[in-house]
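Numbered from 1 within each chain, the chains take letters A, B, ... in sequence-line order. Only heavy atoms go into these numbers, but all of them, side chains included; no hydrogens, no water, no symmetry mates.
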There are 2 protein chains.
Amino acid sequence: MAPEKYTIGIDFGTNSVRAVIVDVDTGEEIATNVRNYRRGEQGVITDPANPHVARQHPADYHEGLVGCVTAALAEAHSVPGFAAEGIIGIGVDTTGSTPMPVDREGTPLALQDEFKDNINALAWLWKDHSSMAEAEKITALATKHRPHYLAKCGGTYSSEWFFSKIWHCLFVAPDVFEAAYSWVEFCDYIPALLAGDTRPEHIKRSVCAAGHKAMYCEEWAGLPDAEFLAMLDPKIGQLRSRLYEKAYSSDVIAGYLSPEWAEKLGLVAGIPVAVGGFDAHYGAVGAGVAAGTVVKIIGTSTCDITVAPKTGESLNIPGVCGIVDGSVLPGYYGIEAGQSAVGDIFNWFVTELCEGDAALHDELTSQASALKPGQSGLLALDWNNGNRTILVDARLSGLLLGQTLQTNRAEVYRALIEATAFGALTIHNRLAEYGVPIERIVACGGIAEKNALLMQIYADVSGKSIYLSRSPQTCALGAAIFGAVVAGSEQGDYETTEQAQAAMTGVKDTVYEPNPDSQPVYGQLYGLYKQLHDSFGLEGHADCLYDVMKRLLDIKQQVSN
Amino acid sequence: MAPEKYTIGIDFGTNSVRAVIVDVDTGEEIATNVRNYRRGEQGVITDPANPHVARQHPADYHEGLVGCVTAALAEAHSVPGFAAEGIIGIGVDTTGSTPMPVDREGTPLALQDEFKDNINALAWLWKDHSSMAEAEKITALATKHRPHYLAKCGGTYSSEWFFSKIWHCLFVAPDVFEAAYSWVEFCDYIPALLAGDTRPEHIKRSVCAAGHKAMYCEEWAGLPDAEFLAMLDPKIGQLRSRLYEKAYSSDVIAGYLSPEWAEKLGLVAGIPVAVGGFDAHYGAVGAGVAAGTVVKIIGTSTCDITVAPKTGESLNIPGVCGIVDGSVLPGYYGIEAGQSAVGDIFNWFVTELCEGDAALHDELTSQASALKPGQSGLLALDWNNGNRTILVDARLSGLLLGQTLQTNRAEVYRALIEATAFGALTIHNRLAEYGVPIERIVACGGIAEKNALLMQIYADVSGKSIYLSRSPQTCALGAAIFGAVVAGSEQGDYETTEQAQAAMTGVKDTVYEPNPDSQPVYGQLYGLYKQLHDSFGLEGHADCLYDVMKRLLDIKQQVSN
């Protein structure tokens with residue numbers, strides 16, 4: 001009998017990194033370990049003077065990587081039939097766009113003495129919104145000079161993305177910008193690190209990061225052209241040649257595990273490491289994303305990921321953040337949409353307003369379950385962290401409407417859940433309008449696992465059955481699947497990513513079915529949500545609410561200076 | 001030396017009743033006592049099935065009256081020179097419009113066995129909003145058939161007022177309506193009770209209640225005509241002859257203390273009792289209201305009261321709840337405006353959302369004091385209990401706008417205070433537009449006494465100095481002033497109410513001056529508030545926010561049925 005074969009999936013999240021060791025035949029996770037980042041607040045380094053700043057230290061990545069892989073291996077060694085030699089591939093996903101400035105060797109500037117105390121030399125975490133002004137300027141420049149660039153990323157370039165951050169760095173920390181030979185996405189850095197060669201020219205960059213966050217597309221031969229980037233700043237134009245020419249999907253090998261890292265981790269050198277990708281996209285793969293199936297990863301924020309068959313025609317969906325060839329499944333358009341805050345909104349309410357903890361989440365969920373749709377008279381907008389999809393505007397904020405003197409916590413909590421459900425439906429409706437109908441929803445992520453009320457509301461609001469991914473660690477499982485794919489069909493048994501998905505993923509028995517009694521009321525409430533939402537649309541702004549929300553932010557900025 | 005002369009002011013609030021014994025020469029309060037009502041929640045009896053219902057039991061009024069007057073007298077007896085014989089007059093104020101159904105003898109139905117468990121036989125407390133539908137219908141009927149009726153009460157008849165409540169009673173409890181010989185305002189009932197004759201035909205009704213809440217005006221010979229009232233319902237038309245023909249200002253004697261009540265209270269029979277009035281109006285008198293001076297009574301709700309000289313022309317101010325000849329000071333137009341919830345909004349936030357207590361109010365006030373205007377990026381509407389003045393619409397609700405994931409409690413608390421300041425400014429600006437300029441603001445009420453942050457924000461937002469009434473019990477002091485006025489110039493030394501005010505009222509040394517640094521930002525924020533506010537104006541409703549807020553209430557009602 002042949003020895004059992006396994007792959008390792010390594011998933012770098014916002015607060016921690018997880019390794020899972022997965023059986024290649026069944027997708028069974030035989031061992032797993034999580035390491036929390038140690039620096040900042042749960043790994044996020046903030047700037048008291050600017051609430052939009054969110055950074056991370058690459059040393060947390062290094063330490064976490066070694067910690068979780070060695071611990072998962074130690075656990076796996078107690079499984080009969082497991083041996084380190086049975087590991088045939090490694091996949092890696094990370095948050096993104098989380099770029100970091102590096103030197104010629106690809107070493108992060110943050111690890112160098114000269115920059116060790118410089119917050120701008122750290123990794124610029126996905127949810128860093130300090131580059132809002134630059135994002136607006138990039139959107140304006142591209143709208144005027146390169147509208148096709150924006151068509152792939154929803155019509156608006158985000159403050160969360162690669163070039164906004166690099167440009168903002170040039171503005172706030174020119175010394176860091178000058179010292180940076182290149183900038184590398186977190187998801188490109190880790191596979192290169194494992195393969196023992198982080199030199200920027202040698203790194204195989206992820207098409208997921210490149211296409212969704214850096215306006216990369218084969219239609220225009222890669223990254224935005226140097227002439228366009230020089231419109232941002234001549235120095236950004238010059239940087240282009242030190243970035244990359246080509247990006248790859250994750251069925252491609254980024255490199256082979258180096259002897260140095262094999263020893264650190266307790267693995268055999270030479271194992272293929274897949275080109276990296278973003279956690280949400282890998283999560284979708286691990287949850288069984290397919291044409292007609294959207295995977296909702298519900299966490300602090302959400303990602304809605306689906307794929308569409310390539311028809312020969314270019315696919316553009318206004319307001320949908322990213323449509324990238326091969327970014328999710330090789331051979332399909334990968335479509336990424338999402339909400340900038342979901343769990344974060346509930347956490348904000350519980351932590352900041354109620355000053356409660358996890359127990360209060362449970363209590364409010366239980367109380368909110370007893371309420372009927374529409375009963376509270378409340379309506380909320382889910383924009384406490386801006387709007388990522390459809391409106392694509394980080395400078396939006398939250399709204400709560402309808403409160404009386406009797407309004408209680410549970411009612412607000414439910415209204416916030418409903419707001420996120422309405423936000424999700426707005427995204428799915430937009431996809432369907434542009435020829436990407438959604439037939440099936442598979443949810444994953446901590447909140448999907450834990451909060452039956454939220455899942456039921458999502459089913460009621462969407463009018464669709466909602467399935468739960470079998471694995472609770474879909475991102476890491478997705479990484480393990482790509483580990484199996486890059487191992488090749490002889491080692492890993494699979495010719496395609498779809499074949500690997502079919503064998504290694506599944507859904508749970510629990511399915512949330514829409515309640516017909518709730519449909520009419522939610523139809524009405526969604527109509528109201530949509531009315532408010534649309535008053536923030538790009539055309540017109542006839543509604544004073546848009547104006548008020550924006551001017552409040554102007555005033556806030558003005559008095560903070 | 002002549003014996004010292006005193007009057008008793010009795011002030012029936014929402015949760016308690018207070019008696020003060022006041023030196024007629026100086027206004028000094030030599031004794032005071034408060035009794036909380038015992039029934040319901042702090043005296044307010046609610047209906048779990050309908051959050052708009054708020055009632056009170058007349059037995060609480062009787063018990064509280066005896067309790068506080070006898071206790072205040074007991075305290076006064078320890079003051080040198082005091083004797084019960086020195087008390088020369090009694091004044092009474094109450095909440096309103098708080099009508100109650102009574103029999104031929106004027107006995108409240110709630111005190112009768114047959115109706116003792118019937119919530120609709122109780123006193124219908126001012127803040128009972130269950131009669132919204134009737135208010136809208138009265139507004140529509142009067143707009144069509146008797147527009148001059150509405151001109152005196154802001155253009156819209158409120159669900160808080162006399163005829164809305166009576167009509168709603170006919171709808172929800174026809175048995176109570178049928179059993180009621182008449183309906184009597186709380187402020188008319190107590191003086192009649194003290195005078196020993198509550199028969200409806202004998203009660204001297206307050207022009208304050210009649211004019212502000214029951215569309216009474218001498219221009220059209222009293223209450224609305226029977227033909228109009230019959231348009232509501234023929235039975236309301238028939239009721240008119242069992243209500244009253246004439247109403248009086250509070251310099252008129254309602255009656256003389258009966259032997260029975262003199263004995264109950266420990267007083268001498270035959271003391272004159274002034275015609276009653278509403279707490280807010282009496283509070284204004286006790287705080288020194290005059291032409292150009294507005295008195296703001298800041299409590300759970302606020303009243304803004306001022307007076308305007310009679311010019312011969314009829315004074316109408318759209319959206320201002322009441323303009324009534326003699327309702328505040330005899331010989332002037334009394335003008336009443338106000339916000340349906342102020343302290344109630346802060347209490348709602350602290351109690352319902354933060355689940356805190358008085359200590360948390362202090363803590364949040366202290367934290368909010370450290371914030372700069374505009375710094376939070378928040379804006380709120382102060383309509384958790386509807387809008388009483390300018391929009392005159394109980395079917396409005398609260399709104400909070402601009403929250404992020406960092407928004408904290410203190411920021412929300414400050415935004416709520418600011419919202420109430422903006423609401424107040426909107427009222428003062430409207431008065432000035434219609435020829436009633438405000439030169440001086442005198443504040444009173446518990447919040448004005450206790451919350452320096454709120455007072456400073458009010459000064460900053462209004463751009464005017466804000467004075468504090470010397471007496472913390474201005475309502476009761478106002479009642480005592482009318483007690484002195486009805487005692488007559490021989491007994492009480494004063495020819496007019498103004499003379500009595502001049503001697504018996506004053507302001508404190510503490511004055512809140514507007515901070516010039518805050519003015520520009522508050523100017524901008526108020527502009528935004530006004531923009532939202534005006535999108536709810538009676539003309540147009542071009543803004544979707546109006547539509548959304550109203551339809552939410554429709555849905556709420558629909559799912560609650």
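- Both the backbone and the side chain of B/L405 come within less than 4.5 Å of a heavy atom in chain A.
- In this structure, A/L381 and B/L401 have side chains that are not in contact, with every pair of non-hydrogen atoms separated by 4.5 Å or more.
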(message) Evaluate B/L528 against A/L552 for side-chain contact (heavy atoms from CB on, under 4.5 Å), listing each step before the verdict.
(response) CA-CA 8 Å; B/L528 298 180; A/L552 276 174; 3.9 Å; yes
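- Proximity to chain A involves both the backbone and the side chain of B/V548, based on heavy atoms less than 4.5 angstrom apart.
- Looking at B/T351, neither its backbone nor its side chain comes within 4.5 Å of chain A, counting heavy atoms on both sides.
- Taken to the nearest 0.5 Å, the CD atom of B/Q524 stands 4.5 Å off from the CD1 atom of A/I555.
- Chosen from B/I345, B/T407, B/V521, the residue pairing most often with chain A at heavy-atom distances under 4.5 Å is B/T407.
- Residue with the most contacts toward chain A among B/Q375, B/K556, B/Q403, B/Q558: B/Q403 (heavy-atom pairs, distance under 4.5 Å).
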(request) Go through the steps to decide whether A/E352 and B/Q406 satisfy the test side-chain contact (heavy atoms from CB on, under 4.5 Å), and finish with yes or no. (result) CA-CA 8 Å; A/E352 290 293 339; B/Q406 284 76 42; over 6 Å; no
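- Heavy atoms only, all atoms of each residue included: A/K372 and B/S560 are closest at NZ-CA, 4.5 Å.
- Most heavy-atom pairs under 4.5 Å with chain B: of the set A/G386, A/G377, A/P51, this distinction falls to A/G377.
- For a residue to count as touching a neighbouring chain, one of its non-hydrogen atoms must lie under 4.5 Å from one of that chain's; by this rule A/L379 touches chain B with backbone and side chain alike.
- For the residue pair B/G402 and A/S397, the shortest heavy atom distance occurs at CA-OG, 3.1 Å.
- Residue A/P520: no heavy atom, backbone or side chain, is found under 4.5 Å from chain B.
- When B/L378, B/N347, B/N384 are compared by the number of non-hydrogen pairs under 4.5 Å with chain A, B/N384 comes out ahead.
- Residues A/V412 and B/L353 form a side-chain contact, since some pair of their non-hydrogen atoms from C-beta on lies under 4.5 Å apart.
- Within the 4.5 angstrom heavy-atom criterion, no atom of A/L396 approaches chain B.
- When each of A/G356, A/A341, A/S376 is checked for heavy-atom pairs under 4.5 Å with chain B, A/S376 comes out on top.
- A salt bridge links A/R409 to B/E355: one of the charged nitrogens lies within less than 4.0 Å of a carboxylate oxygen.
- Residues satisfying the salt bridge (charged side-chain N to carboxylate O under 4.0 Å, His left out) test with B/K550, not counting sequence neighbours, are B/D393.
- Other residues, nucleotides and ligands contribute more than 12 heavy atoms inside 6.0 Å of the CD atom of B/Q519.
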